[in-house]
Amino acid sequence: MSTSKILDLPIRPRRLRRTPGLRAMVQETALQLDDLILPLFVVEGEGEPEPIESMPDVFRLPIPQLIEKCRELFELGLRGVALFPKVPSQKKDDEGSEALNSNALVLNAARALKVAIPELILVGDLALDPYTTHGHDGVLDLSGNVDNDATVAILAEMGVLAANAGIDIVAPSDMMDGRIAEIRRNLDESGHAQTAIMAYSAKFASAYYGPFREAVGSERPENNSSIDKRTYQLSPANFREAQHELLLDEREGADFLMVKPAEPYLDVIRYARDNVNLPIVAYQVSGEYARIWAAAERGWLDLEACMMESLTSIKRSGADLILTYFAERILRDRHLDGTSSGAESS
Ligand code: PBG
């Protein structure tokens with residue numbers, strides 16, 4: 001029994017947290033189904049979905065299963081998917097030439113999805129890393145450095161191939177300088193003025209991409225050390241440089257700006273939301289997904305609660321859209337029922 005005396009305290013914020021009804025009334029941020037884009041991995045052939053060890057519940061899907069999954073999730077309210085191919089190693093070379101094959105796996109997947117589910121929004125990643133033997137996002141010059149301008153020329157061609165295949169939004173994830181303007185110009189000149197560009201603008205050289213690289217098979221084959229992308233991706237220490245990249249991509253004509261990874265970079269998301277009038281996208285990357293899962297499998301964290309808390313935090317920091325591997329779980333378990341229409345965030 002507490003015997004302390006009642007404080008003379010007119011301001012008591014806890015008043016509004018007393019009941020579920022009050023708490024719902026004052027909720028400032030609500031994740032919506034419309035905010036979510038599901039990244040999906042595509043593999044050749046007609047076999048079974050392939051599990052990815054470091055990403056529980058995520059599979060590489062052959063095109064028939066990809067279509068099946070997209071159909072189900074579209075019915076549940078999914079708006080868009082982002083497609084990533086796992087290219088067989090015999091199709092990789094130093095130039096990543098398979099990226100310019102108009103019958104490349106990811107383009108065939110896009111064409112099939114456009115026919116099967118015309119309203120599903122397709123985001124097509126533009127980068128060379130699934131196609132190069134060395135795993136870099138570009139071609140190398142004679143001294144082994146990633147050659148910016150030569151890579152941009154390839155990306156601009158990839159953009160047109162993606163648009164031809166029915167991709168609605170091309171998403172360059174390479175971090176080459178000047179690629180947004182060139183991709184835009186090439187799209188416009190080839191009659192694709194309506195194809196949008198989602199720029200991976202503030203993409204950091206992060207250790208959280210490891211599981212993704214396993215998923216698309218872009219790890220270095222000869223050793224297990226991760227590929228060093230620090231000559232093109234941002235240093236995790238550099239906030240001003242991230243601002244510079246965001247503003248450059250806006251000026252070059254991007255339609256969406258992305259920050260990636262998401263939760264370790266909420267300050268960058270907040271900056272983007274407050275300083276740019278384009279939709280801001282956050283990519284909750286493979287390692288962010290894996291760390292929540294790994295702790296949950298040990299019984300150390302609650303999977304569902306951490307999933308919702310991480311996504312709500314990303315939304316609260318200013319993201320309008322979130323690419324997340326959790327999107328399927330959220331749709332299937334109806335985590336957002338009743339909030340997908342009407343409930344607006346702050
Ligand atoms: C590469 C690319 C990466 C991711 C998306 N596109 C990895 C990288 O830059 O090495 C990572 C996504 C994830 O970790 O979920 N173009």
Side-chain angles (χ1 to χ4, degrees), residues 36-42 52-60 81-87 92 96 98-99 104 106 123-139 146 148 151-152 154-155 158-159 162 167 169-176 179-180 183 197-220 224-236 245 256 258-265 281-294 307 310-311 314 321-328:
L36 304 179
I37 296 172
L38 175 66
L40 288 170
F41 299 106
V42 197
I52 299 156
E53 202 192 335
S54 52
M55 300 181 75
D57 263 5
V58 177
F59 298 84
R60 298 183 202 98
V81 295
L83 301 174
F84 295 95
K86 179 175 193 236
V87 177
K92 297 187 185 190
E98 177 66 10
V106 73
V123 180
D125 208 71
L126 300 185
L128 284 174
D129 58 315
Y131 303 100
T132 52
T133 34
H134 44 73
H136 278 294
D137 292 41
V139 291
V146 173
N148 190 85
T151 301
V152 168
I154 298 171
L155 292 167
M158 285 176 79
I167 298 276
I169 302 172
V170 295
S173 64
D174 55 289
M175 290 298 281
M176 297 302 116
R179 87 272 207 224
I180 301 302
I183 291 168
I197 301 178
M198 180 181 284
Y200 286 69
S201 303
K203 175 168 178 179
F204 291 86
S206 171
Y208 286 107
Y209 305 147
F212 173 95
R213 291 178 190 167
E214 182 201 333
V216 300
S218 73
E219 325 95 302
R220 261 208 181 116
N224 279 329
S225 71
S226 67
I227 305 167
D228 186 349
K229 299 191 174 184
R230 285 178 297 178
T231 70
Y232 40 107
Q233 299 178 348
L234 289 165
S235 163
E245 286 282 9
F256 303 82
M258 190 195 291
V259 176
K260 171 187 180 187
E263 216 180 337
Y265 300 94
V281 187
Y283 196 147
Q284 183 184 52
V285 300
S286 56
E288 297 179 78
Y289 178 83
R291 68 180 178 184
I292 294 176
W293 257 104
M307 168 183 84
S310 65
L311 292 169
I314 294 165
L321 289 166
I322 305 172
L323 276 88
T324 174
Y325 303 96
F326 283 123
E328 177 168 0

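We count residues from 1, following the sequence as given. Both counts, for ligands and for their atoms, begin at 1 and track the order of listing.
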Can you tell me which residue and heavy atom of the protein come closest to [atom], and the distance to 0.1 Å?
{"atom": "atom 14 (O) of ligand 1", "answer": "S286 OG, 2.7 Å"}
{"atom": "atom 2 (C) of ligand 1", "answer": "K203 NZ, 3.2 Å"}
{"atom": "atom 16 (N) of ligand 1", "answer": "S173 OG, 2.7 Å"}
{"atom": "atom 8 (C) of ligand 1", "answer": "K229 NZ, 3.3 Å"}

If you draw a 6.0 Å radius around CZ in F256, do more than 12 non-hydrogen atoms from other residues or ligands fall strictly inside?
yes
Using side-chain heavy atoms (C-beta onward) and a distance below 4.5 Å, is [X] in contact with [Y]?
{"X": "Y289", "Y": "V58", "value": "yes"}
{"X": "F84", "Y": "P39", "value": "yes"}
{"X": "R179", "Y": "D174", "value": "yes"}
{"X": "Q233", "Y": "S206", "value": "no"}

For [X], counting its heavy atoms only, list the atoms of ligand 1 lying under 4.0 Å from any of them.
{"X": "Y283", "result": "12 (C), 15 (O)"}
{"X": "D129", "result": "1 (C), 2 (C), 16 (N)"}
{"X": "K260", "result": "2 (C), 3 (C), 4 (C), 5 (C), 6 (N), 11 (C), 12 (C)"}

Looking just at side-chain N and O atoms, do Q284 and S310 make a donor-acceptor pair shorter than 3.5 Å?
yes
In terms of side-chain heavy atoms, does D125 have a donor or acceptor partner in Y200 at a distance below 3.5 Å?
yes
Distance col, row I154:CD1 vs L126:CG, nearest 0.5 angstrom, shows 12.0 Å
Atom 12 (C) of ligand 1: which of Y232, F204, F212 has the nearest heavy atom?
F212
The answer for which part of D137 has a heavy atom under 4.0 Å from ligand 1 is side chain
Test of understanding: given a 4.0 Å heavy-atom threshold, classify the contact between A127 and ligand 1 as side chain, backbone, both, or neither.
side chain
Contact between Y289 and ligand 1, counting heavy atoms under 4.0 Å?
no
With a 4.0 Å cut-off on heavy atoms, does E288 reach ligand 1?
no
Measure the acute angle between the ring planes of Y325 and Y283, then classify it against the limits of 30° and 60° as parallel, tilted or perpendicular.
tilted
Pairs of nitrogen or oxygen atoms closer than 3.5 Å, one from Y325 and one from ligand 1: do any exist?
yes
